[in-house]
Amino acid sequence: MYQPPHFIETRTEVLHALMRAHPLGLLVSNGPDGPAADLIPFLLDAEVGANGRLRAHMARANPHWRLIADNPQAKVLVVFQGSDAYVTPSWYETKRETGKVVPTWNYAIVQVGGAARIIEDGAWVATQIGDLTRQQENGRQEAWAVTDAPPAFIQAQIKGIVGLEIDIQTIHGKWKVSQNRPVADRAGVADGLDRETDPEQSGDMASLVRRYGGVEQG
C-alpha cells in the first residue's frame, strides 16, 4: 500500500478499532491462476501474538479455502475499509485563493498480512459462528442466537463451511483525511462533509478530518 508519511497510522488500538467497526474484510490470496479475493466477516482476537489473530469461516463450496490449504506457507492479505468520502475542490479555501486544486477521495483503511490456516474441526467452527453471531447481534432488541435454530439444522450448516485463522504478521493503517491540506482547506472539507446528504458516512469522515487535522467544529 502506498504510504505518504502524513497518512500513516501505526497505533495498534486505532487499527484494531477500525477492524472491529468494519469486520467485513477482503481476503486476498495468490494462486497459480492469479489472485483470489472474497469478502468475509472476521473476528479479531487482539490478545494473541504481537498484532492479533483473525478468525473467520467460508463456504466449503468456495474453492478459495483449498487454495489456502494447498499453500500453507503462503501469506494472505486482508483489507478492512473504513469511512470514505469524495472531496470536492469547492470546499477548499485554496480554490478561492489560487484555483490550483483538484478533487480527491478521503478514506481510512487497514491492511493486514499473515499466514493462514484452514480448520476443519466442527467444534472450532461452532465456536466461531457463535462468537461472530454474538458480536453482530449484541445490542439488538431481539437478538438472534445460533441456539435459536434446530441443532440438526445447525450441524448440517457447519458441515458446509470451513474455518480460517490468520496470525497477523504485518499491519498497516492509512488515514487519508486531508492532513496534507492547509488548515483552512481542512476546515472547509469538514464543514462541507457536514452538509452532505449521507450524514452517517460523511459525518464519520468529517470527524476524522477534524481529529487528525486539528480543526475546530465549524
R55 to F42, cation-pi by 6.0 Å centre distance and 45° axis angle: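 That pair does not qualify as a cation-pi contact.
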Chi angles and distances behind the side chain to side chain donor-acceptor pair (under 3.5 Å) call for S178, N106: CA-CA 7 Å; S178 300; N106 278 2; 2.9 Å; yes
Any carboxylate oxygen within less than 4.0 angstrom of a Lys/Arg side-chain nitrogen, looking at [X] and [Y]?
{"X": "R117", "Y": "D167", "value": "yes"}
{"X": "K174", "Y": "E9", "value": "no"}
{"X": "D185", "Y": "R96", "value": "no"}
{"X": "R53", "Y": "E47", "value": "no"}

Evaluation steps, side chain to side chain donor-acceptor pair (under 3.5 Å), between N180 and H6: CA-CA 7 Å; N180 59 323; H6 37 262; 4.8 Å; no
Heavy atoms from other residues, nucleotides or ligands near NZ of K75 exceed 12 (cutoff 6.0 Å):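 Open.
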Sidechain-backbone polar pair: N138 side chain, R134 backbone, donor-acceptor under 3.5 Å: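 No, N138 side chain to R134 backbone: no donor-acceptor pair under 3.5 Å.
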Ring pair (Phe, Tyr, Trp, His ring centres under 6.0 Å) evaluation trace for F7 with W175: CA-CA 5 Å; F7 298 147; W175 266 241; over 10 Å; no
Candidate pair D84 and K176, rule salt bridge (Lys or Arg N to Asp or Glu O under 4.0 Å), full reasoning: CA-CA 9 Å; D84 72 278; K176 181 181 178 295; over 6 Å; no
Result of checking L27, L77, V112 against I166 for side-chain contact (heavy atoms from CB on, under 4.5 Å):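 Between I166 and the candidates, side-chain contact (heavy atoms from CB on, under 4.5 Å) is satisfied uniquely by L27.
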